[in-house]
Amino acid sequence: DAMVIQNPRYQVTQFGKPVTLSCSQTLNHNVMYWYQQKSSQAPKLLFHYYDKDFNNEADTPDNFQSRRPNTSFCFLDIRSPGLGDAAMYLCATAGGPKNIQYFGAGTRLSVL
Amino acid sequence: QKEVEQDPGPLSVPEGAIVSLNCTYSNSAFQYFMWYRQYSRKGPELLMYTYSSGNKEDGRFTAQVDKSSKYISLFIRDSQPSDSATYLCAMSPNDYKLSFGAGTTVTVRA
């Protein structure tokens, strides 16, 4: 059973058109993360939440925003996608004694 | 210099061979070391988790950490075609914020 669910799996948007990616979890973990992964590159942390506390990475562009309305859900908003934002976006959660990160299957974003 | 360096490969081996993967790192504060496996167009899944230096074995997989050399390894014995994937090393000083390597793509030929 999927524990971290990302929707949609594939998203196509137009240059400059806002897009929202969603993530839900059934693990009841405190921490949720958003990563950007481009082809053959390491996942790059964009931001994370510890409960409702939002933590932005210093180099995350202002174009990227996030919301976490409750424990189970987290959203990634890209306000004005550029061609360089085409990537796989991964959501992860962490909790338990070892704080292991569990990843969703990702959303592959294409920008036309 | 990247915080975590990982040879991207690709690596192609025949079925049954031993696969050897490794990462080096620069941050001496790293204490938690992980290997994730990522199949094509899927999210990473945790394969091995190690705290501090030493070896850990789980079935056909062995993880080694040498903190003095800032070097970690993953060995896959008796490799199978189903092991074909990208393997990402990851590490952290505090077990909740990870630094990843770029991943090594492995193909096991039947």
Side-chain angles (χ1 to χ4, degrees), chain A residues 2-11 21 23-25 27 29-51 53-60 87-110, chain B residues 1-11 21-27 30-52 54 56 58 63 65 72 85-107:
Chain A
M3 297 178 288
V4 182
I5 302 162
Q6 291 189 244
N7 284 304
R9 292 293 316 279
Y10 301 92
Q11 176 74 55
L21 310 182
C23 178
S24 64
Q25 56 138 335
L27 297 163
H29 283 165
N30 290 335
V31 193
M32 292 188 79
Y33 306 82
W34 280 105
Y35 290 89
Q36 179 193 65
Q37 186 180 27
K38 296 188 176 181
S39 182
S40 302
Q41 294 185 21
K44 178 181 178 298
L45 183 63
L46 296 173
F47 16 64
H48 74 277
Y49 284 88
Y50 191 94
D51 288 328
D53 291 336
F54 176 72
N55 298 273
N56 199 32
E57 293 301 298
D59 57 354
T60 298
M88 173 80 93
Y89 289 87
L90 295 164
C91 173
T93 74
K98 291 183 178 179
N99 255 347
I100 290 169
Q101 290 193 24
Y102 295 88
F103 284 82
T107 294
R108 183 165 294 278
L109 177 69
S110 298
Chain B
Q1 183 190 6
K2 291 180 186 175
E3 201 170 37
V4 181
E5 298 276 1
Q6 183 175 5
D7 186 340
L11 200 57
L21 306 168
N22 56 74
C23 289
T24 58
Y25 62 94
S26 57
N27 187 346
F30 288 147
Q31 297 189 81
Y32 300 87
F33 303 92
M34 284 140 272
W35 287 93
Y36 280 82
R37 178 175 61 195
Q38 187 174 22
Y39 290 114
S40 181
R41 300 186 183 276
K42 297 285 176 68
E45 57 177 330
L46 183 69
L47 207 52
M48 300 289 279
Y49 177 100
T50 311
Y51 172 71
S52 195
K56 185 172 182 179
D58 184 0
V65 174
I72 71 170
T86 296
Y87 291 81
L88 296 152
C89 63
M91 45 200 81
S92 174
N94 53 25
D95 91 349
Y96 83 93
K97 196 171 173 184
L98 297 178
S99 295
F100 282 90
T104 301
T105 299
V106 174
T107 301

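Order of the sequence lines sets the chain letters (A, B, ...), proteins ahead of strands, with each chain counted from 1.
More than 12 heavy atoms of other residues, nucleotides or ligands lie within 6.0 Å of CZ in A:F54, so this atom counts as buried by the packing criterion.
Between A:Q37 and B:F100 there is no side-chain heavy-atom pair separated by less than 4.5 Å.
Only the side chain of A:Y35 has a heavy atom closer than 4.5 Å to any heavy atom of chain B. Residue A:Q6 does not touch chain B at all, counting heavy-atom pairs closer than 4.5 Å. Proximity to chain A (any heavy atom under 4.5 Å) is shown, for B:Q6, by neither the backbone nor the side chain. Only the side chain of B:Y36 comes within less than 4.5 Å of a heavy atom in chain A; its backbone stays farther off. Heavy atoms closer than 4.5 Å to chain B are found in the side chain of A:Y10, but not in its backbone.
When each of B:P44, B:G101, B:G43 is checked for heavy-atom pairs under 4.5 Å with chain A, B:P44 comes out on top.
Contact record, A:R108 with B:R41: NE-NH1, 2.8 Å, taken as the closest heavy-atom pair. Shortest non-hydrogen contact noted between A:P43 and B:L88 is CD-CD2, 4.1 Å.
Counting only residues at least two apart or in different chains, salt bridge (Lys or Arg N to Asp or Glu O under 4.0 Å) contacts with residues 38-47 of chain A comprise A:K44-A:D59.
Here the NZ atom belonging to B:K97 is positioned 9.5 Å from the OH atom belonging to A:Y33, to the nearest 0.5 angstrom.
Contacts of B:E5 classified as side-chain hydrogen bond (donor to acceptor under 3.5 Å, both in side chains), with partners at least two apart in sequence or in another chain: none.
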